[in-house]
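Quick notes on the structure that follows.
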Amino acid sequence: PPDPPSAPADAAAPPPRALGPPPQGSVGAAPRAEARPSAARPEQEECSVSADSVLAPLRAALDSCRATVQKQVCNDIGRRLTVLEDAWAQGKLSAPVRKRMSLLVQELQQQHWDAADEIHRSLMVDHVNEVSQWMVGVKRLIAETRDLPTGE
């Protein structure tokens, strides 16, 4: 009688061992970056960010620089903002990039230069392939706006 109960117990032991720990906790940076904004459907939240809500303030900042910044520099920034606009319109920007650009613009408007610069850096590190064509212009715009005389 003792033998039959021990045989099923042995047969039942390996499956729990085979399952192992759940992989989600130690995957790396990707879940950490995407899990924070909102737990339920982050895509919907980011999709609500319109291109215009990001580009209009950037173009306004560029216009405010035109009086003091070299024309060639302003034209280059303008070209890069157009590249950003085209990428956005063609759906080439991921939700995290659109969301962070919205945050960057908010920091720029509040004259939180270091925070805007930090968001720029994080985008360059985390999404270099997506942002490299136009982010140089945004970085320059942050620097030039920071250097403007504080009259506004």
- Donor-acceptor contact below 3.5 Å, side chain Thr145 vs main chain Leu141: yes

Between [atom1] on residue [X] and [atom2] on residue [Y], distance to nearest 0.5 Å:
X      : Y      : atom1 : atom2 : value
Leu108 : Leu103 : CG    : CG    : 12.5 Å
Asp52  : Glu85  : CG    : CD    : 8.5 Å
Gln133 : Leu84  : CD    : CG    : 11.5 Å
Ser102 : Glu107 : OG    : CD    : 10.5 Å
Ser122 : His127 : OG    : NE2   : 7.5 Å
Met135 : Leu104 : CE    : CG    : 6.0 Å

Are side-chain heavy atoms of [X] and [Y] found at a separation under 4.5 Å?
X      : Y      : value
Glu130 : Leu93  : yes
Asp114 : Arg146 : yes
Ile77  : Val69  : no
Arg140 : Arg80  : no
Ser64  : Leu148 : yes
Asn75  : Gln72  : no
His120 : Leu123 : no
Thr82  : Arg59  : yes

Q.
Grouping I, L, V, M, F, W and Y whenever their side-chain heavy atoms are under 4.5 Å apart, do Val136 and Met101 come out in a common cluster?
A. no

Worksheet item: Applying the 4.5 Å side-chain criterion to the ILVMFWY set and letting contacts propagate, would Met124 and Leu81 be lumped into a single cluster?
Response: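 Same hydrophobic cluster.
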
For Val105 against Ser53, the heavy-atom pair lying closest together: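 For Val105 versus Ser53, the nearest heavy atoms are CG1-O, 4.1 Å.
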
Between Ile142 and Trp113, the two heavy atoms sitting closest are CG2-O, 4.2 Å

Does atom CD (Gln109) have a neighbourhood of more than 12 heavy atoms from anything else shown, all under 6.0 Å?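 More than 12 heavy atoms, drawn from other residues, nucleotides or ligands, come within 6.0 Å of this atom.
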
